[in-house]
Amino acid sequence: MRVLVTGAASGIGRATCLRLARDARARGQAAKIAAVDFVPLRELDSLIEDLGKLDAEALALHADMGSADAPAQVVAEAVGRFGGLDGLVSNAGINRPGALLQYSVDDWDRVFAVNTRATWLLAKAAHPALKAARGAIVAVASMSGSNPHANLGAYGPSKAALIMLVQVLAQELGPDGIRVNTLSPGMVRTGMTAKVYADPRIAAERDALVPLGRVATPDDVADVIAFLLGPDARYVNGHDLVVDGGVSGNFLGRLPGLSRITRG
Ligand code: NAI
């Protein structure tokens, strides 16, 4: 499988690269993975080394998915190296919290450029290769894309727009045999959220909110990305798959006063 993964240096993106490499090896194949990130290339070294141990061929690419040109450039480099592309994982994302009344236009535009526009530009650029391979696209959205999340600035709106962008892409690219889906994680321990979980009290409170009793690991999400990319999801198209342990549905059960409701 030839796959391009953005935001590959850390968290969900890193776990996805490793999962895809393990899967390919289990099939007796070598994964070909273009690992794209904004960090300096040397920060991708340990990932490339780990992918090599799994017999994967890895291409490390330094690029800013918030720029208008970089998505097409990285797709061209990956297609040039691997001779095509079977999958695209648009995972790079940023969070610039803030109350909307004080929010700046620069922050709004940057968050939308990385979290939303990049997926469109990657899909445009990868379309010929994905059409040839009858491939798949998975974009990583968020539960904040379908549940209003105060004081996170443009994050929720950008993820909501991403979910709809992907649904439209699914309609337009489906006839070419390309499936396009989003995966919306709940709470995940990654680089993006490391400061939150550094406080054991907050970490325990967050675990307790989740019906499954714990916040997700990057692997919990990567395993489902692999499913959406793979043949078992061959008839899944235009779907937003929520991977949150049930946490975004637990609001009504926490309403104050429930124990006082009497049976009629
Ligand atoms: P992370 O911070 O561990 O990894 C994100 C990676 O994306 C980093 O390596 C970063 O350098 C890279 N990146 C950021 N901006 C970039 C850019 N402009 N161009 C290229 N690469 C860039 O975060 P995590 O949690 O693994 O995030 C992955 C995705 O999951 C994001 O889209 C995020 O919004 C989403 N997500 C994360 C949740 C969480 O609780 N951690 C919850 C819901 C969604």
Side-chain angles (χ1 to χ4, degrees), residues 4-19 34-48 60-75 77 88-97 107 109-119 121-122 138-147 149 152-163 165-166 182-198 202-203 206-207 209-210 214-222 224-225 228 240-245 247-248:
L4 184 147
V5 180
T6 69
S10 168
I12 293 166
R14 188 178 206 284
T16 299
C17 293
L18 295 171
R19 165 72 203 236
V36 180
D37 208 287
F38 194 33
V39 295
L41 272 181
R42 66 177 179 283
E43 291 186 32
L44 280 164
D45 282 353
S46 77
L47 171 65
I48 303 305
L61 297 171
H62 170 79
D64 175 7
M65 287 301 103
S67 93
D69 303 327
Q73 286 163 3
V74 293
V75 167
E77 291 195 57
L88 171 65
V89 181
S90 183
N91 162 73
I94 55 168
N95 191 0
R96 291 194 175 174
D107 282 346
D109 287 348
R110 177 70 184 165
V111 170
F112 265 80
V114 178
N115 290 6
T116 314
R117 189 180 67 181
T119 297
L121 296 175
L122 286 164
V138 178
V140 179
S142 170
M143 64 176 174
S144 304
S146 42
N147 299 276
H149 203 151
L152 273 193
Y155 187 78
S158 74
K159 294 293 191 179
L162 175 62
I163 291 167
L165 165 71
V166 159
T182 43
L183 180 153
S184 282
M187 297 182 286
V188 194
R189 281 175 182 258
T190 65
M192 183 182 271
T193 51
K195 282 187 186 155
V196 174
Y197 298 106
I202 292 177
R206 286 195 168 209
D207 284 339
L209 283 176
V210 187
R214 65 175 178 82
V215 163
T217 65
D219 284 335
D220 291 326
V221 181
V224 185
I225 293 175
L228 284 174
D240 178 43
L241 209 169
V242 176
V243 182
D244 71 346
V247 73
S248 58

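Note that the structure is predicted; figures quoted are calculated from it, not measured. Here, residue 1 is the first one in the sequence, and each next residue gets the next number. Read the numbers this way: they start at 1 and go in the same order the structure lists the ligands and their atoms. No hydrogens, no waters, no symmetry mates; every other heavy atom, side chains included, goes into these values.
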With heavy atoms only and a cut-off of under 4.0 Å, state how Arg110 meets ligand 1: side chain, backbone, both or neither. side chain
Would you say Thr6's side chain and Asn91's backbone share a donor-acceptor pair under 3.5 angstrom? yes
Contact summary for Asp207 and Arg214, nearest pair of heavy atoms: OD1-CA, 3.4 Å
From atom 1 (P) of ligand 1, work out which of Gly145, Gly11, Ser10 has a heavy atom at the shortest distance. Ser10
What part of Val140, side chain from CB on, backbone N/CA/C/O, both or neither, has a heavy atom under 4.0 Å from ligand 1? both
Can you name the nearest heavy-atom pair linking Ala15 to Asp219, along with the distance? CB-OD1, 3.4 Å
For ligand 1, which atoms, with element, lie under 4.0 Å from some heavy atom of Lys159? 31 (C), 32 (O), 33 (C), 34 (O)
Which pair of non-hydrogen atoms, one from Val140 and one from Leu162, has the smallest distance, and what is that distance? O-CD2, 3.5 Å
Which atom of Ala8 lies closest to which atom of Val5, heavy atoms considered: CB-O, 3.7 Å
With only distance considered, is Ile94 within less than 3.5 Å of ligand 1 through an N or O on each side? no
At less than 4.0 angstrom from any non-hydrogen atom of Met65, what atoms of ligand 1 do you find? 17 (C), 18 (N), 19 (N), 20 (C)
Separation of Thr116 OG1 from Lys159 NZ (nearest 0.5 Å): 7.5 Å
Using a 4.0 Å cutoff against the non-hydrogen atoms of Pro185, which atoms of ligand 1 qualify? 43 (C), 44 (C)
Heavy-atom pairs closer than 4.0 Å: do any link ligand 1 to the side chain of Ser144, the backbone, both, or neither? neither
Would the distance check show the side chain of His62 and the main-chain N or O of Val39 forming a donor-acceptor pair, the cut-off being under 3.5 Å? yes
One finds that the ligand 1 atoms under 4.0 Å from a non-hydrogen atom of Gly186 are 40 (O), 42 (C), 43 (C)
Between Asn91 and ligand 1, which part of the residue brings a heavy atom under 4.0 Å of the ligand: side chain, backbone, both or neither? both
Using modelled atom types and a 3.5 Å cut-off, is there a donor and acceptor pairing between side-chain atoms of Asn115 and backbone atoms of Ser158? no
Using modelled atom types only, decide if a donor and an acceptor are shared between the side chain of Ser248 and the backbone of Gly186 within a distance under 3.5 Å. no
So is Val36 polar-close to ligand 1, meaning N/O to N/O under 3.5 Å? no
Residue, atom and distance of the protein heavy atom nearest atom 26 (O) of ligand 1 read Ile12 N, 2.9 Å
How far is atom 40 (O) of ligand 1 from its nearest protein heavy atom, and which residue and atom is that? Val188 N, 2.9 Å
Can Ala8 be said to touch ligand 1, with heavy atoms closer than 4.0 Å? no
Looking only at protein heavy atoms, identify the closest one to atom 2 (O) of ligand 1 and say how far it is in Å. Met192 N, 3.2 Å
Ser46 and Arg14 side chains, donor-acceptor separation under 3.5 Å: yes
What distance do Thr193 atom OG1 and Arg206 atom CZ have between them, rounded to the nearest 0.5 Å? 7.5 Å
From the options Val243, Thr190, Val215, Val196, select the one whose nearest heavy atom is closest to atom 25 (O) of ligand 1. Thr190
For Tyr155, is there any backbone N or O sitting under 3.5 Å from a side-chain donor or acceptor partner on Arg96? no
Going by the order shown, which atoms of ligand 1 are within less than 4.0 Å of some heavy atom of Gly93? 14 (C), 31 (C), 32 (O)
Note: Met143 and Ser184 closest approach over all heavy atoms is N-CB, 3.9 Å
Looking at atom 36 (N) of ligand 1, what's its closest protein heavy atom, distance included? Tyr155 OH, 3.5 Å
Show the atoms of ligand 1 that are less than 4.0 angstrom away from any heavy atom in Gly7. 6 (C), 7 (O), 12 (C)
Closest protein heavy atom to atom 10 (C) of ligand 1, given as residue, atom name and distance to 0.1 Å: Asp37 OD1, 3.4 Å
In terms of atom number and element, which parts of ligand 1 are under 4.0 angstrom from non-hydrogen atoms of Ala63? 19 (N), 20 (C)
Ile225 CD1 to Thr16 OG1 distance, which is reported to the nearest 0.5 Å: 3.5 Å
Ligand 1-proximal atoms of Thr193, by part, heavy-atom distance under 4.0 Å: side chain
Region of Asp64 that comes within reach of ligand 1 [heavy atoms, distance under 4.0 Å]: both
Working to the nearest 0.5 Å, report the span between CZ of Arg117 and OG of Ser67. 7.5 Å
With a cut-off of 4.0 Å, which atoms of ligand 1 are near a heavy atom of Gly66? 18 (N)
Does ligand 1 come near enough to Phe38 that some N or O of the ligand is less than 3.5 Å from an N or O of the residue? yes
Does ligand 1 have an atom that lies less than 4.0 angstrom from a heavy atom of Ala141? yes
